[in-house]
Amino acid sequence: MANYQKPKGTQDFFGPRSLKLSYIEKTAREIIKKFGYEEMVTPIFENTEVFIKNVGEGSDIVTKEMYTFKDKSDRSLTLRPEGTAAIARSFIENKIYANGMPHNKLFYYGPMFRYERQQTGRYREFRQFGVEVYGQSTPLLDAEVISTAYMLFNKFGLNDIKLKINSIGDIESRKNYGNKLQDYFGRYIDNMCDDCRRRLGTNPMRILDCKTDKDLIINNVKIMDNVPLINDYLSNESREYFDEVINILDKLKINYEIDFNLVRGLDYYNDVVFEFIITNTSDELNGMALGGGGKYNGMINSMCGIDIPAIGYAIGMERLIAVMDEKQCFNNIIDNTDVVIIGLDFDSKLAGLMLANILRANDITVDMEYSSYTMKNQFKLCDKLNPHFIIIIGENERKTGNYQIKNTLTKKQEEVKISEILDYIKKGML
RNA sequence: GCGAUCGUGGCGAAGUGGUUAACGCUCUGGAUUGUGGCUUCAGCAUUCGUGGGUUCGAUUCCCAUCGGUCGCCCCA
């Protein structure tokens, strides 16, 4: 046998796991539509510059994680590493902003690709469900966007997803704060890690995220404890906006934890940023981000020159499945077979096939064995599928027009006229 | 990009430098030829991720490579 392997970091979904994936996808679609969202489907790949310009030239995603390739006409294309930039591109290219709606609520679902070493909850091909809203900037909307995620978590039976939220301020606030951080960390930088030294010049806010220097103590002072807080450098406008979002979250009874060190790695965010954190699980998953997002008012403007506010988030499907597995949230999603039809000779199987399609057309799940005429083999299929009813057809049944129907729950077997089988089974399934 | 660890049949999992690679589950066939899920008997890896090397001989030692798992970085 040829030794085929799937590419590193990718996955095949089959059996129960594929059932879980489609259950999540279906449920997420249903719920988000209640909020008025429309699905947007964009290409799996985009022109490379869509991501470079919008995710950020300095971001890790762009500098080392993209699947970029040339097509036969020498165009540079990239397998999408995230959803937001592609959705924004489509929003602008199709001039959706001109459709007269005060806001446009969009969601997407599909695979994303990042060239990374895999570990728990991280793959090279992974799936995201995400939402983006364009056109309005108000705390009411921001809080509602966050609440859509919690409606989902709730529906899935997850009660331990912690919301971490912060405001990184508008562009001016960020600049002022960045200067302050450079002053502050500049005093200690000689003792800090290589990454932080690099970040000091390029993106000092990311130092706040550093795991290496998290507990660094210099001159008996834990430097992260005395770091200037973004909160003290927000413009009045940004601060009031953030306070109002928090206020509304309280009203919606969504628990949150304000984390002044939450800054996020994508360049396009401003003001409100947030992450959904997994808690109360195994060590591997605990503290991991199940999803994240924020506002990115500047991105649309930089793409098309029009001021259009934007906010969105994305949730990772593989991580969602992992948490839901641990919390045993998949108890009732098994697809049951309602009926298995047994035929004891070719003509009986043919009669069974015809009956099966009548039942299927009436919303009943039916399966059968196609090549064996022995009872034994066909009952084995029943053992596997565990149907509610087993219909047995043989020569006698064909002659009389009465088929044997066995109810596997009551263990009772009855003869039923062909014309009455549909009703008999429907009644039995209630 | 860096680091750790692992890779034996459909699955789980022992094992050793040397003629037949344990065991459990599953599966296949029979006891039981129109009623299964129990029991019982029998069968199922020319082969130990792949390629090369050492050796009289390697699944077991060495190297490389491809994968899995898990950390760091970053993120979903």
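Below, read A as the first sequence line, B as the second, and so on, with proteins coming before strands; counting in each chain starts at 1. Any value given below was found using the heavy atoms of this structure, including those in side chains, with hydrogens, waters and symmetry copies removed.
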Check if the side chain of [X] and the base of [N] share a donor-acceptor pair of N or O atoms closer than 3.5 Å.
| X | N | value |
| --- | --- | --- |
| A/Arg122 | B/C70 | no |
| A/Arg114 | B/A76 | yes |
| A/Gln413 | B/U35 | yes |
| A/Glu397 | B/G34 | yes |
| A/Lys406 | B/G34 | no |
| A/Glu275 | B/A76 | no |

Looking at every strand, decide which applies to [X] at a 4.0 Å heavy-atom threshold: base, sugar-phosphate, or nothing.
| X | result |
| --- | --- |
| A/Gly9 | sugar-phosphate |
| A/Lys384 | sugar-phosphate |
| A/Gly291 | sugar-phosphate |
| A/Lys6 | nothing |
| A/Arg117 | base |
| A/Ile315 | nothing |
| A/Glu318 | nothing |
| A/Leu290 | sugar-phosphate |

What is the distance, rounded to the nearest whole Å, between atom [atom1] of [X] and atom [atom2] of [N]?
| X | N | atom1 | atom2 | value |
| --- | --- | --- | --- | --- |
| A/Gln119 | B/C75 | CD | P | 13 Å |
| A/Arg124 | B/C66 | CZ | P | 11 Å |
| A/Phe126 | B/C75 | CZ | C1' | 8 Å |
| A/Leu152 | B/A76 | CG | C1' | 15 Å |
| A/Phe274 | B/C75 | CZ | C1' | 15 Å |
| A/Tyr269 | B/C75 | OH | P | 10 Å |
| A/Leu21 | B/A76 | CG | C1' | 14 Å |
| A/Glu116 | B/C75 | CD | P | 9 Å |

Query raised in the report: When you look at A/Lys155 and A/Thr27, which way does the side-chain hydrogen bond (donor to acceptor under 3.5 Å, both in side chains) test go after all the steps?
Result: CA-CA 8 Å; A/Lys155 185 80 178 178; A/Thr27 308; over 6 Å; no
Whole-angstrom distance between [N] and [M], as gauged at atom [atom1]:
| N | M | atom1 | result |
| --- | --- | --- | --- |
| B/A13 | B/A21 | C1' | 13 Å |
| B/U32 | B/C25 | C1' | 24 Å |
| B/G24 | B/U39 | P | 14 Å |
| B/G12 | B/C48 | C1' | 16 Å |
| B/G7 | B/G15 | P | 11 Å |

Taking the side chain of [X] as its heavy atoms from C-beta onward, which of [options] lies nearest to it?
| X | options | value |
| --- | --- | --- |
| A/Asn396 | B/G36, B/A76, B/G34 | B/G34 |
| A/Lys64 | B/U35, B/C73, B/A31 | B/C73 |
| A/Thr120 | B/A31, B/G71, B/C73 | B/G71 |

Report summary line: Of A/Val323, A/Asp160, A/Ile161, the one forming a side-chain contact (heavy atoms from CB on, under 4.5 Å) with A/Asn280 is A/Asp160
Query - Phosphate OP1/OP2 of B/U69 contacted by A/Gln118 side-chain N/O (<4.0 Å) - result: yes
Requested in this report: Tell me, with the steps shown, if A/Tyr268 and A/Ser302 meet side-chain hydrogen bond (donor to acceptor under 3.5 Å, both in side chains).
Outcome: CA-CA 10 Å; A/Tyr268 49 61; A/Ser302 73; over 6 Å; no
Taking the basic N atoms (NZ, or NE/NH1/NH2) and the acidic carboxylate oxygens, is any pair closer than 4.0 Å for [X] and [Y]?
| X | Y | result |
| --- | --- | --- |
| A/Lys164 | A/Asp259 | yes |
| A/Lys399 | A/Glu395 | yes |
| A/Glu144 | A/Lys105 | yes |

Query raised in the report: So, do A/Phe379 and B/G37 meet the stacking rule of ring centres under 5.5 Å and planes under 30°?
Result: no
Requested in this report: Could you tell me whether the side chain of A/Tyr313 and the main chain of A/Gly294 form a donor-acceptor pair under 3.5 Å?
Outcome: no
Query - Nearest-nucleotide 5' precedence on RNA chain B, A/Tyr123 against A/Lys8 - result: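 Nearer the 5' end of the strand: A/Lys8.
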**Report entry** Residue whose nearest RNA chain B nucleotide is more 5′ - A/Leu285 or A/Ala289
**Finding:**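 The residue mapped nearer the 5' terminus is A/Leu285.
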